[in-house]
Peer 1: 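Let me begin by handing over the structure; questions about it come next.
Keep in mind that this is a model prediction, so the values were computed, not measured. In the text below, chain A, chain B and the rest are named by the order of the sequence lines, each starting its count at 1.
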2 protein chains.
Amino acid sequence: MTKKSKQRDAIIKCLSNRTDHPTAETIYKELKTECPSISLGTVYRNLNQLAAWNTIQKIALGFGPDRFDPNSTPHAHFYCSKCGSVSDIMFDDANILELAKKNFSGQIEGHLSVYYGLCESCLKLSFK
Amino acid sequence: MTKKSKQRDAIIKCLSNRTDHPTAETIYKELKTECPSISLGTVYRNLNQLAAWNTIQKIALGFGPDRFDPNSTPHAHFYCSKCGSVSDIMFDDANILELAKKNFSGQIEGHLSVYYGLCESCLKLSFK
DNA sequence: CTTATTGCAAAAGGTTTGCAACCGA
DNA sequence: TCGGTTGCAAACCTTTTGCAATAAG
């Protein structure tokens, strides 16, 4: 049986208000002001729990700390190698999964997909 | 100027003889018999160097230790969530990159792509 | 002789975990 | 009261790094 907790609620609220796919540490620091007793371990524990419940999504970039996304629908992400920002790339995965399945003899259940390069604003800056 | 080293050659040879995308630790243990003085730090240093030279490829799965692939051509990988094996999925990335570019306003330079599920042999076992 | 490379061990970075205290049902 | 949740700190896992010694050119 799962009980409600002030900390978990605060974590969900904080994550839902953001579109920047923050790290556990970022969330921890933000919550520290409104809930000074919270600990980093609790943030990690709750984020993992929420991800296991498929309420949120954990995004591994392949380097550095994991990011978290309040949108648990499977979608690809983009990492800007200049400013470090992470954003969504929304498009239908179906064709991609089809293509992958055609080329693989096992059973594909999911896909971690991270594109990298220059985000829109860094791209603009590089032309100045 | 880059000098040749017995250790680096042994690492390349070891990796080239494998198709299982080993971790640095696995390579280290295998080399330990033929070259007992080698250290894990040296294995990491060389693998990173070779990846930077684009001689090999470093594969981040998003969890656990990184894997290494003697094939530096960009291609997707598959991780079996049952047996932990990593294998290649070869197919043309071009359409996928096209699709991603259409849906993103920045400049995409590369793509980390890891599928997961059951590999062929684990799939067979699950029907027994 | 010069300097890239090594082995070693310590440190870094990110995350998990054990445990006693706490709090919600 | 019962057991899920917390805060804390220590442990963990993987990888990087500083440094003196070694070896390639």
Peer 1: Using whole Å, report how far CZ of B/Arg8 lies from P of D/dA24.
Peer 2: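 So the CZ-P distance, B/Arg8 to D/dA24, works out to 12 Å.
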
Peer 1: Does A/Lys32 use its side chain to pair, donor to acceptor, with the backbone of A/Ile38 at less than 3.5 Å?
Peer 2: yes

Peer 1: Whole angstrom is fine here: how far is it from CG in A/Asp66 over to P in C/dG13?
Peer 2: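 Value for this atom pair: 16 Å.
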
Peer 1: By side chain to side chain contact (heavy atoms under 4.5 Å, CB included), which residues pair with A/Tyr116, not counting sequence neighbours?
Peer 2: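 With sequence neighbours excluded, A/Tyr116 shows a side chain to side chain contact (heavy atoms under 4.5 Å, CB included) to A/Tyr79, given in chain and number order.
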
Peer 1: Using a 4.0 Å cut-off on protein heavy atoms (strictly under), produce a 5'-to-3' string for nucleotides 20-25 of chain C with B for base contact, S for backbone-only sugar-phosphate contact, and - for none.
Peer 2: ----BS

Peer 1: Please confirm whether the shortest side-chain N or O distance from B/Gln7 to OP1 or OP2 of C/dG7 is below 4.0 Å.
Peer 2: yes

Peer 1: Quick one: list whatever passes salt bridge (Lys or Arg N to Asp or Glu O under 4.0 Å) with B/Lys4, sequence neighbours left out.
Peer 2: B/Asp9

Peer 1: Between A/Ser16 (side chain only) and A/Ile12 (backbone N and O only), is there a donor and an acceptor less than 3.5 Å apart?
Peer 2: yes

Peer 1: Five pairs at each end of the helix from C/dC1-D/dG25 to C/dA25-D/dT1: take the axis at both ends and give me the angle between them to 10°.
Peer 2: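 Angle reported: 30°, given to the nearest ten degrees.
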
Peer 1: Look at B/Asn48 and D/dT15 and indicate whether a side-chain polar atom (N or O) is within less than 4.0 Å of OP1 or OP2.
Peer 2: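 For B/Asn48, the contact criterion (side-chain N or O under 4.0 Å from OP1 or OP2 of D/dT15) is not met.
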
Peer 1: Under 3.5 Å, side chain of B/Ser72 to main-chain N/O of B/Asn54, donor-acceptor pair present?
Peer 2: yes

Peer 1: Verify whether the ring centers belonging to B/Phe78 and B/Tyr115 lie closer than 6.0 Å.
Peer 2: no

Peer 1: Report the residues that fulfil ring pair (Phe, Tyr, Trp, His ring centres under 6.0 Å) with A/His21, sequence neighbours left out, ordered by chain and then residue number.
Peer 2: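 Expected list: A/His77.
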
Peer 1: Distance check, rounded to the nearest 0.5 Å: B/Ile59 atom CD1 versus B/Phe68 atom CZ?
Peer 2: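 The CZ atom of B/Phe68 is 9.0 Å from CD1 of B/Ile59, to the nearest 0.5 Å.
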
Peer 1: Going by number, which of residues 24-46 of chain B have a non-hydrogen atom under 4.0 Å from DNA chain C?
Peer 2: B/Ser37, B/Ile38, B/Ser39, B/Thr42, B/Arg45, B/Asn46

Peer 1: Hey, is the main chain of B/Val43 close enough, under 3.5 Å, to the side chain of B/Arg8 for a donor-acceptor pair?
Peer 2: no

Peer 1: Nearest-Å distance, CD1 (A/Ile12) to C1' (D/dT5)?
Peer 2: 14 Å

Peer 1: Please confirm whether the backbone N or O of B/Thr73 pairs with a side-chain atom of B/Asn71, one donor and one acceptor, at under 3.5 Å?
Peer 2: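 Answer holds: yes.
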
Peer 1: Distance check: side-chain N/O of A/Gln49 vs OP1/OP2 of D/dT5, anything under 4.0 Å?
Peer 2: yes

Peer 1: How many Å lie between CD1 on B/Ile59 and C1' on D/dT15, as a whole number?
Peer 2: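 From B/Ile59 CD1 to D/dT15 C1': 17 Å.
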
Peer 1: Taking A/Arg67's backbone N and O only, do any of them form a donor-acceptor pair with A/Thr23's side chain (distance below 3.5 Å, no angle check)?
Peer 2: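 No; judged by distance alone, with no hydrogens or angles, the pair does not exist.
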
Peer 1: Measure from NZ on B/Lys58 to P on D/dT15 and round the result to the nearest Å.
Peer 2: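 Taking NZ of B/Lys58 and P of D/dT15, I get 7 Å after rounding.
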
Peer 1: Taking CG from A/Leu47 and P from C/dG14, how many angstroms apart are they, rounded to a whole number?
Peer 2: 15 Å

